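First up is the structure itself, then whatever we jot down about it.
Chain letters run A, B, ... following the sequence lines, proteins first, then strands; residues in each count from 1. Just so you know, these numbers come straight off a predicted model, no measurement behind them.
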Amino acid sequence: MELTWALMIVIYLFTAGLSAGAMITSNLAFLYGGKDFERVSRWGAYISPFPISFGLAVLLLDLGSPFNFYRLFLTLEVRSPMSYGSWAILLFTGLSIIYLYLWLPEKYQVIGHFKNSEQWKKWLSKFMPFLSVGVASYTGLLLNAAVSPLWKATLLPVLFLVSALSTGVASVILLSTISPWQRARHKELHVLTKVDAGLIILECLIILIMISMGRLSSMSESYAFGSLLYGQYAWIFWFLIVGLGLTIPLLLELMELKDKIPVKWALPVTISSSFLVLLGGFFVRYVITYAGQTSGWF
Amino acid sequence: MAVRMGFVIITSRCIDCDACMVACRSENDVPLRHTRNWVKSSGVQGQFPKVREVFRPGNCMHCDHPPCVSVCPTGASQKRADGIVIIENSKCIGCKYCIVACPYDARFANPETGKADKCTLCLHRLVQGLKPACVQTCLGKSRQAGDLNDPESIVSKLIAKYPTRVLLEQVGTGPNIYYIDEAVPEIPEGK
Ligand code: SF4
Ligand code: SF4
């Protein structure tokens, strides 16, 4: 069966969350960590504009009338998440590019150097978390509004938000570990890993509550969630999300936090656990987008 | 009272000839492999030798609270004052949001125009004083359309006389196709 919203939309939902998560990671590290967490803030700032720009490009390709897309920005339809979400994402992308620029080493700030760039960074770091939370939860609201039995779940925006934060943190861990330049210090990684482990636990809880609520609702909703638990999406849900995306990275991170990983394994373990978190985050969007369309009301 | 356009469909009179689908396709140039209206079968019901099969024609329900309209980011999908839900093609970007939001699967992405597409209640015929093509053509007179708020319309008279049901009431869309399953020996005169 051909789906109306397929992989392109999954990529869009995933990348928007990833960018928002990386942005928040960077902002908070800058505000509360200062110099000690400089590498985290820097990598978050470097990552943030790219996934979402890619997602937007992909979304554009998915439109039936791509040359008409400017119509999105001739109006604000307050009842349409896609309308206010597009405005929010436009603003987010613009500001994230400015934020990235402020974090570039001075010699790369080719179009001029802001006099009080530290001050600017601070302002943006205070504002962007709000916008990022908006962007990340918007991806859930987007599905909420299209009343399919699975997408109706009230916790969907919260799930997408937490998953966005988790993938954002993971992307910062991943890049700041493999990069030879501005590599994250042990202390930074330790805190990030702790945060990510907490987010994964939270995500598991939300998934559990969301599925239980769904199973206890109407027949249609219960059936829709059933397609994740034992239906056609079961293997993606159990193997790729619960197994590879949540349980294994959580165990690896807990072992890292307890210093149970031998030094020579530390690097590959950090890399693989953060990669798995990203993988899991992608398939969360995938499963919800697809299963929401293959299950209808009855 | 304001005009409120909608359909009454009498399942007991439908013989699954699919003439409505053919009529709609030629009237509205609907591309192959897509359709604005349909006839669904209940499948075989009951135990041999007492078996029956019921056919249920359908199309866009021109809902009172259409999710397709509220999700549309550009204002292309609209509900007119007379209740008809339309798509203003020049505004549509083809994001397909309305298509996933319709619980009745009444919309599709038109590959020729790149826009969302669906039943218009044959608006272009209504303004000429004609009935929608599917209603006009229906062999069993199973399909009826008109103003649900006008007591003199065929649809209102049918609704007054026979028990009706709507589809997926629990979703809260307020659909405007009223189904009658009972035998209707005669279609009342009316507008
Ligand atoms: S049936 Fe679907 S397309 Fe038609 S008005 Fe209702 S929600 Fe919109
Ligand atoms: S496909 Fe067109 S009519 Fe449908 S929601 Fe998008 S812009 Fe609106």
Output field: ring centroids B:Tyr104/A:Trp297 closer than 6.0 Å: no
Please look at [X] and chain B and tell me whether the side chain, the backbone, both or neither of the residue comes under 4.5 angstrom of a heavy atom of that chain.
X: A:Phe67; result: neither
X: A:Leu141; result: backbone
X: A:Thr4; result: both
X: A:Leu142; result: both

Look at atom [atom1] of [X] and say whether more than 12 heavy atoms of other residues, nucleotides or ligands are closer to it than 6.0 Å.
X: A:Tyr84; atom1: OH; result: yes
X: B:Gln170; atom1: CD; result: yes
X: B:Tyr162; atom1: OH; result: yes
X: B:Gln128; atom1: CD; result: yes
X: A:Phe239; atom1: CZ; result: no
X: B:Glu189; atom1: CD; result: no
X: B:Lys131; atom1: NZ; result: no
X: A:Tyr230; atom1: OH; result: yes

Considering all heavy atoms, the nearest A:Ala146-B:Tyr97 contact: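 Closest pair (atom of A:Ala146, atom of B:Tyr97, distance): CB-CE2, 4.1 Å.
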B:Ile93 versus A:Phe69, closest heavy-atom pair with distance: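 Closest heavy-atom pair between B:Ile93 and A:Phe69: CG2-CA, 3.8 Å.
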Contact leader toward chain B among A:Ser80, A:Ser83, A:Pro66, A:Pro149, where contacts are heavy-atom pairs under 4.5 Å: A:Ser80
Option from B:Pro73, B:Cys92, B:Ser90 for which side-chain contact (heavy atoms from CB on, under 4.5 Å) with A:Arg71 holds: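 Only one of B:Pro73, B:Cys92, B:Ser90 forms a side-chain contact (heavy atoms from CB on, under 4.5 Å) with A:Arg71, namely B:Ser90.
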Segment of B:Val171 engaging chain A (4.5 angstrom heavy-atom cut-off): side chain
Chain A contact via B:Cys72 - side chain, backbone, both or neither, heavy atoms under 4.5 Å: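 Answer is backbone: N, CA, C or O of B:Cys72 sit under 4.5 Å from chain A.
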Separation of B:Lys91 NZ from A:Leu72 CG (nearest 0.5 Å):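 Between A:Leu72 CG and B:Lys91 NZ, I get 12.5 Å after rounding to 0.5 Å.
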Trace of the side chain to side chain contact (heavy atoms under 4.5 Å, CB included) decision for B:Cys95 with A:Met82: CA-CA 9 Å; B:Cys95 66; A:Met82 191 181 283; 3.7 Å; yes
Pair B:Thr74-A:Glu77, side chain to side chain contact (heavy atoms under 4.5 Å, CB included): steps then yes or no: CA-CA 7 Å; B:Thr74 62; A:Glu77 301 286 327; over 6 Å; no
Any side-chain heavy-atom pair of A:Trp151 and B:Val100 under 4.5 Å: yes
pair B:Lys96-A:Asp62: side-chain heavy atoms closer than 4.5 Å: yes
Pick from B:Cys98, B:Pro103, B:Pro67, B:Gly75 with the largest number of heavy-atom pairs that fall under 4.5 Å of chain A: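 Among B:Cys98, B:Pro103, B:Pro67, B:Gly75, the one with the most close pairs to chain A is B:Gly75.
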